[in-house]
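Before any comments, here is the structure.
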Amino acid sequence: MTNGAPSVAVPQPPPPANEIVDLDVIPGQIGHAILRASDGTILRPPSGNLTERDVGIVYRMLLEIGTVLEGEGLQRVTVGFRSVSYAIAFGGGDGCLYIVKKRSMP
């Protein structure tokens, strides 16, 4: 509160691409992308074996999960398939979704 007026949180834009976490260093990753969590805008395009189609599907899944877990503060989710898995983490402070595609271990 300042001068009797309530303070209003102003949403901050995501950090510039050169300040975003380097996902290339994650062991076993075969692709990654970074999205703005609020609207799915691609901030760092998919790399490697991760496609824009994959990213779109993962983002839509997160929207569905978010409606189910509304208010739970979802931070991280992993979706596993026979040959690959997708690890998705929400960077709470920067408003970004970090998506990493990895080969599944047999």
Side-chain angles (χ1 to χ4, degrees):
M1 203 185 244
T2 336
N3 297 334
S7 62
V8 177
V10 177
Q12 298 297 312
N18 61 351
E19 293 180 18
I20 297 176
V21 177
D22 181 12
L23 300 176
D24 286 323
V25 300
I26 296 175
Q29 64 93 9
I30 58 174
H32 56 75
I34 301 174
L35 310 179
R36 183 180 302 129
S38 61
D39 61 6
T41 298
I42 295 175
L43 301 176
R44 183 171 297 159
S47 68
N49 276 349
L50 184 65
T51 66
E52 282 195 31
R53 182 177 182 272
D54 294 337
V55 169
I57 290 169
V58 168
Y59 185 72
R60 286 191 300 279
M61 285 185 347
L62 288 175
L63 291 176
E64 291 297 319
I65 291 170
T67 59
V68 172
L69 299 175
E70 201 166 302
E72 291 293 318
L74 178 66
Q75 295 297 309
R76 187 176 319 142
V77 66
T78 301
V79 180
F81 297 95
R82 187 172 311 172
S83 60
V84 297
S85 65
Y86 299 88
I88 305 103
F90 177 67
D94 62 11
C96 294
L97 284 175
Y98 297 88
I99 302 172
V100 176
K101 184 176 182 179
K102 298 176 84 172
R103 288 196 200 298
S104 292
M105 297 306 233

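Model, not experiment: these values are computed from the prediction.
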When rounded to the nearest 0.5 angstrom, what is the spacing between SG in C96 and CG in L35? 8.5 Å

Distance check, rounded to the nearest 0.5 Å: R60 atom CZ versus L62 atom CG? 11.0 Å

Quick one: CZ on R44 to OH on Y98, what's the gap to the nearest 0.5 Å? 8.0 Å

Please name the residue in the list I99, I30, V58 that meets the side chain to side chain contact (heavy atoms under 4.5 Å, CB included) test with L50. I99

How long is the span from the CG atom in L97 to the CD1 atom in I42, to the nearest 0.5 Å? 11.5 Å

Quick one: CG on D54 to CG on N49, what's the gap to the nearest 0.5 Å? 8.5 Å

When you measure from the side chain of S85 to the backbone of S104, do you find a donor-acceptor pair of N or O atoms at a distance under 3.5 Å? no

So do Q29 and D24 actually touch side chain to side chain, heavy atoms under 4.5 Å? yes

Flag side-chain contact, heavy atom, 4.5 Å: R76 against I88: no

Any donor and acceptor pair, going by atom type alone, linking the side chain of Y59 with main-chain N or O of A37 inside 3.5 Å? yes

Going only through I, L, V, M, F, W and Y residues with side-chain contacts under 4.5 Å, is there a path from V25 to Y86? no

Looking at side-chain heavy atoms only, is the closest gap between P46 and T51 below 4.5 Å? no

First locate atom NZ of K101, then atom OG of S47, and finally report the distance between them rounded to the nearest 0.5 Å. 10.5 Å

